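Values reported hereafter were calculated over all heavy atoms of this structure, with side chains retained and with hydrogens, waters and symmetry mates removed. These numbers come from a predicted model, not from an experiment. The chains referred to below are lettered A, B, ... by the order of the sequence lines, with proteins before strands, and numbering in each begins at 1.
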Number of protein chains: 2
Amino acid sequence: MNLLTPPIDSTPPASSDAGLPIAAVERETGLGKDTLRVWERRYGFPTPLRDSSGDRLYSAEQVQQLKLISRLLDFGLRPSKVVSLDNAALQALLTQHAPAPAAILSKTNIGNDATDPVIKELLHAIGTHDPRALQHGLSHAQLRMGLAPFVIDLAAPLTTAVGEAWAQGRFEIFEEHLYTEVLTGVLRHAIASLTSQLVPQGPRVLLTTVPQEQHSLGLLMVEALLTLDGCTCVSLGTQTPLTDIVQAALAHRADVVALSFSNMNKTAVVQTSLRELRARLPTATALWVGGTCTALYQWPLSEASAVQHLSGLQPLVAQWRHAH
Amino acid sequence: MNLLTPPIDSTPPASSDAGLPIAAVERETGLGKDTLRVWERRYGFPTPLRDSSGDRLYSAEQVQQLKLISRLLDFGLRPSKVVSLDNAALQALLTQHAPAPAAILSKTNIGNDATDPVIKELLHAIGTHDPRALQHGLSHAQLRMGLAPFVIDLAAPLTTAVGEAWAQGRFEIFEEHLYTEVLTGVLRHAIASLTSQLVPQGPRVLLTTVPQEQHSLGLLMVEALLTLDGCTCVSLGTQTPLTDIVQAALAHRADVVALSFSNMNKTAVVQTSLRELRARLPTATALWVGGTCTALYQWPLSEASAVQHLSGLQPLVAQWRHAH
DNA sequence: AAATCATTTTTGTCTTAGACAATTAATACC
DNA sequence: GGTATTAATTGTCTAAGACAAAAATGATTT
């Protein structure tokens, strides 16, 4: 039962370096208690200290390494290959497995081999914990560039850059959270401004994500672009059960169901979901999918139209309009 | 990366009448796997069926009873007294211990014994899948009532009403999702309008929720009220690991860390989280907690200031200002 | 009575070691 | 190069036992 209360006998106030019990590590790392124990048994890591009653006490270092391991597993690596590595090796793998850092960025700019200075400035605002500068910088860029270029050429690559920086350990989770929060505010503000002065037309689009998919930024970017293009968007936010997606599509008489997938999804889950959705949705209802999920583009999808890049959204709308 | 969600949301064993595996029951009831097993050993309930490989399969009835038991435990009853009771006895105890059903709604209106007509109208807009009417109704009410009364007397009770309607099967999940999405837009718009024309002062408040806590509406309502009151808010959105909450509080030099808890949290998790946060945050940093989580108010909290109702927020700010 | 302290019961969580099914990698075969 | 078959990997489950924090009970004093 010794949960998070570090040893009472030793030093009550400043004993946080004694180690974290297994339940705390589960919450910090997202790795289940059973998994932690079985890793210790199989791979010899982590081997935590024990308190007076034999319970595990993980050091802060071990927890840090576990976080790195957890990130590597998200990249598709197997536990047997990474769990027993030391800190340096983990770091090396992380920098190696992070996709080309400025690959996406360079494509968005006109042959600019260096990173966009605006993006660098915004990244700096995140790293220095300056939400006002971040908010101001984003709003300003949105007004200057216009909504569509802002989303496609700035927000999307910046989000990728932040995600990569986090994966490489250059950003903490809370810094990514703050970025998400501020950008969400800017995007929602833009969408709200649009909807108030727009004639409802175009396809009626239902926007959401499947369960387990928590990323909401992609959804918001799509909503912004579609709304800008004159579509009538209804967003359900993230994590809607498949049954409810179908129900909602019927209830709102949606012409299109648009789903966003991040790379955290298992390919099997993605394909199964799409197949089931396609089977249960009316034939007349189109299914559009997009996002950073690699599983969407590796195999040709018969069930849905896959949009790998946000710039592919507008042609899809034009195509739909032409067909109706 | 197993994110604490043992089974897929949609169809754990596909055949729902066969029974739920123990991980699904943990998610449904909030009772830990160890607890479920030790109850079976000690009190003889629940005694689930087993699948071909000996794993437990809980019937829907047992899960239902476990939910009732869990609620009774939140009221302070002891497991030995309730775990082995049958369904009827549990129901009896619940009606005995249940608080006033419409207490929140009736308190908000001036002696109005019927539900607020505006709330009824908005509930109707949700049920008829009319996002524009919902959006318009909420925005209009916000402008008419003013932000603080809108949040306290309309948004909060309406959210409760929607949650209850969903629990009773009168709303589908996608209808609740739509409501959440629209209200989020309205609240964020109000907050954005505030921050653009406000002098930064008051306490610097860091807003977020602990992992596993996904509800973002409460957080937004609090952010609206605090910002209105002149506080400088930094929100990290939902589900920030405890370590990062501490890091963020330091990085942003927060005077206050404010957390929101919904009722889906295990009481043990809530108390453990608060204790650990309190231990790791600077003594000068205040800890404010609120939300619908009964565990916050059942026992006196020494670690944090608990705000059961949104109207209690402003006094807390005033008190902080007076002390500084 | 009421309050303080010591003792017993209750209760959730942790421990061990083993087992199994589902996924993923590797191999053989056409 | 594909494709079916076998082998390895991996997360989760089970069992009974143990222990400390919390709660209830009892004894003693104010």
Side-chain angles (χ1 to χ4, degrees), chain A residues 1-9 19-27 29-43 45 47-58 69-70 72-73 76-84 266-269 271-272 295, chain B residues 1-8 12-14 19-27 29-43 45 47-58 69-70 72-73 76-84 266-272 275 295 298-300 302:
Chain A
M1 179 78 151
N2 171 14
L3 257 184
L4 296 169
T5 32
I8 313 163
D9 47 78
L20 285 93
I22 194 168
V25 179
E26 169 173 358
R27 268 192 292 96
T29 64
L31 302 164
K33 295 191 250 268
D34 282 321
T35 304
L36 289 168
R37 284 191 277 255
V38 89
W39 280 5
E40 183 179 342
R41 201 199 310 171
R42 286 179 184 154
Y43 313 119
F45 181 86
T47 28
L49 301 175
R50 302 302 181 111
D51 68 1
S52 57
S53 62
D55 291 7
R56 289 170 172 81
L57 284 182
Y58 294 83
I69 292 169
S70 178
L72 284 172
L73 295 191
L77 301 199
R78 321 258 8 235
S80 60
K81 303 278 181 66
V82 290
V83 171
S84 50
K266 297 193 173 181
T267 60
V269 173
Q271 296 197 314
T272 308
Chain B
M1 177 155 191
N2 170 7
L3 264 178
L4 300 179
T5 42
I8 312 284
L20 293 161
I22 194 169
V25 179
E26 170 174 21
R27 195 180 68 76
T29 65
L31 301 163
K33 296 192 250 266
D34 282 319
T35 304
L36 289 168
R37 285 191 277 254
V38 89
W39 280 4
E40 183 179 341
R41 202 197 311 168
R42 288 181 182 152
Y43 313 118
F45 180 87
T47 25
L49 300 176
R50 301 303 181 112
D51 68 0
S52 56
S53 62
D55 291 6
R56 278 164 245 257
L57 285 182
Y58 294 83
I69 292 169
S70 176
L72 285 172
L73 295 190
L77 302 200
R78 320 248 23 226
S80 61
K81 301 280 179 67
V82 291
V83 170
S84 49
K266 288 188 269 186
T267 60
V269 171
V270 173
Q271 297 198 316
T272 305
R275 211 165 298 162
Q298 206 73 36
W299 294 277
S302 56

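At least one side-chain nitrogen or oxygen of B:Arg56 sits closer than 4.0 Å to the OP1 or OP2 atom of D:dA15. Residue B:Trp39 places none of its side-chain N or O atoms closer than 4.0 Å to OP1 or OP2 of C:dT11. The phosphate of D:dC19 (OP1 or OP2) has no side-chain N or O of A:Arg50 nearer than 4.0 angstrom. The side chain of B:Lys33 contributes an N or O atom lying less than 4.0 Å from OP1 or OP2 of D:dC13. Of the side-chain N and O atoms in B:Thr35, one or more sit less than 4.0 angstrom from OP1 or OP2 of C:dT13.
Residues satisfying the salt bridge (Lys or Arg N to Asp or Glu O under 4.0 Å) criterion with A:Arg42, sequence neighbours excluded, are absent altogether. Remark: B:Ser84 engages no residue in a side-chain contact (heavy atoms from CB on, under 4.5 Å) (not counting sequence neighbours). Remark: B:Arg50 pairs with B:Glu40 by the salt bridge (Lys or Arg N to Asp or Glu O under 4.0 Å) rule, at least two apart or across chains. For the side chain to side chain donor-acceptor pair (under 3.5 Å) test, residues two or more places apart in sequence or in another chain that qualify with B:Asp51 are B:Ser53.
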Report, one pair per line, the protein and nucleotides 5-9 of chain D atoms (nitrogen or oxygen only) whose separation is under 3.5 Å.
none

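Atom C1' of nucleotide C:dT13 and atom CD1 of B:Ile22 are separated by 14 Å, given to the nearest angstrom.
Annotation for A:Val25 and A:Leu20: closest pair CG2-O, 3.9 Å, computed over non-hydrogen atoms. Nearest heavy atoms, A:Gly19 versus A:Leu57: O-CD2, 3.7 Å.
Checking C:dC14, D:dC19, D:dT12 against every side-chain atom of A:Val38, the shortest atom distance belongs to D:dT12. Distance from the side chain of A:Arg42 is smallest for D:dT12 among the nucleotides D:dT14, D:dT12, C:dC14.
Nucleic acid contact class of B:Asp55 (heavy atoms, under 4.0 Å, all strands): sugar-phosphate only.
No hydrogens or angles were tested; on distance alone, a donor-acceptor pair under 3.5 Å links the side chain of B:Arg41 to the base of D:dG17.
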